[in-house]
Number of protein chains: 2
Amino acid sequence: MVYPDRMKNHRAKKSPRLTPEIWADAALEAIEQGGLSSVAVEPLARLLGVTKGSFYWHFENRDALIRAAMRQWEKRAIHAIAEASRITDPRVRLRSLILSSADRTTAKLDLAVSLVAGDPRVRPFARRVDRRWLDWAEAAYREMGHTKTDAKHWALSAYSAYGGLIQILRLNPDILKSKRAWAQHARHVAGMLVP
Amino acid sequence: MVYPDRMKNHRAKKSPRLTPEIWADAALEAIEQGGLSSVAVEPLARLLGVTKGSFYWHFENRDALIRAAMRQWEKRAIHAIAEASRITDPRVRLRSLILSSADRTTAKLDLAVSLVAGDPRVRPFARRVDRRWLDWAEAAYREMGHTKTDAKHWALSAYSAYGGLIQILRLNPDILKSKRAWAQHARHVAGMLVP
DNA sequence: ACTTGTCAATACGGTAGCGTATGGTCTATC
DNA sequence: GATAGACCATACGCTACCGTATTGACAAGT
């Protein structure tokens, strides 16, 4: 993930050399690596093998790139939530959230976004996705027979545990390094959150 | 917390006009507000009512300030853990962690630090404090009769829940806005984490 | 072949922040 | 009250990045 090689995915020659989506993806990767301050026009351009002359053709300014990146992220997050909703059994469905902490792709990006969600340009996107996950979890708990307020508390607990865990594991990768320890902890959390 | 007024706390005339500790405090406040990129020499100097001529007398460079700020934070965090260890009943002790999520002073700073803990200058400090909290929780669970590995899982769960909750509440202050709802959720979490 | 529109390179000015060098001011102390 | 050291101001050069303006390359359609 570096390269001045823009020929990946064998883009048809007719299509533009760079698209706003490519820029947005690069911005998301930058956020994952170094936060919002890493979303800088010239460095990203170097990373993509072009100059900022390209950037300012596709975007109004830096803020517009950030917004586009967040739109892209929200879209994918919504899609992930929809995928996680297809599981019929609510208990299995909830467990899938816990298990997704181990996914070193979406979890890392979700975390990175939440880390920069203090910024007013990111906050509304993060809030909407938070809301959706909370609603998703609440629905699962309701299907399990909990009252509305009860389900809300369970949902908040579950989503908190999810977010907190991936953050701690990011900083302390030594904590659940063995697959065995991780599976054990996943069982523990499942037993705690899925009564 | 702003002003070119350096005469607060009625400092004796003999003492220096600014101390490294004051700079470190200002840096911590900046981290809380805008992350590491807000720890900038000239803006902080303006905030303190001086110029960077003062700063470079007290510190080698910007990195030295960041390190000093993190040392100060770690010191206080260790003190807070020691305070939280004085409670005799392990269950009450654990509940104190949950309740401290509501403390809008330490919790916010702890969160802000964890948000920038990806930076190599911050990471070691955050890791050490994480470790201490985990050990603290593990000890409590052991006192409650759990085995070592079991206590470790409980501790990780509890600390995850703590970190995740304050992060979500920061972004969604509307979620537990009423005192009643918060107390209810605290009871819920306590029931979940303190069996 | 000529034109048009798309995309990118180059060159430019502007700002914010880092770090240095040097000089100034106050205070304690003799 | 002269001096030394602690503390701060000012002025400077440097780099990184933002945004604009202009020009250039290249493809598609005519």
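Chain identifiers are assigned alphabetically (A, B, ...) following the order of the sequence lines, protein sequences preceding nucleic acid strands; residue numbering begins at 1 within each chain.
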- Quickly work out the L36(A) CG to dC18(D) P distance and round it to whole Å. 12 Å
- Side chains of Q184(A) and T149(B): do they bring a donor and an acceptor to under 3.5 Å? no
- Give me the ring orientation class for H185(B) and H153(A): parallel if the planes are under 30° apart, tilted from 30 to 60°, perpendicular past 60°. tilted
- Query: Just how far, in rounded Å, is P of dA8(C) from CG of L44(A)?
  - Reply: 14 Å
- Side-chain donor/acceptor of H58(B) to backbone N/O of L18(B), under 3.5 Å: yes
- Measure the distance from CD1 on I22(B) to P on dC7(D) and round it to the nearest whole Å. 11 Å
- Nucleotide nearest R46(B) (side chain, heavy atoms from C-beta), chosen from dC7(D), dC26(D), dG17(C): dG17(C)
- Query: Among dC17(D), dC7(D), dC7(C), which nucleotide sits nearest the side chain of P43(A)?
  - Reply: dC17(D)
- Task: Please determine, by modelled atom types, if Y159(A) and D130(A) share a side-chain donor-acceptor pair under 3.5 angstrom.
- Result: yes
- Message: Please report the distance, rounded to the nearest Å, between CZ in R17(A) and C1' in dC7(C).
- Response: 4 Å
- Query: How do A40(A) and K52(B) order along DNA chain D: which one's closest nucleotide is nearer the 5' end?
  - Reply: K52(B)
- Task: Tell me which residues in residues 53-66 of chain B put a heavy atom below 4.0 Å from DNA chain D, sorted by number, or none.
- Result: G53(B), S54(B), W57(B), H58(B)
- Query: Quick one: is the NZ or CZ of R128(A) closer than 6.0 Å to the six-membered ring centre of F125(A), and within 45° of its axis?
  - Reply: yes
- Could you check whether the rings of W136(A) and W133(A) sit parallel, tilted or perpendicular, using 30° and 60° as the cut-offs? perpendicular
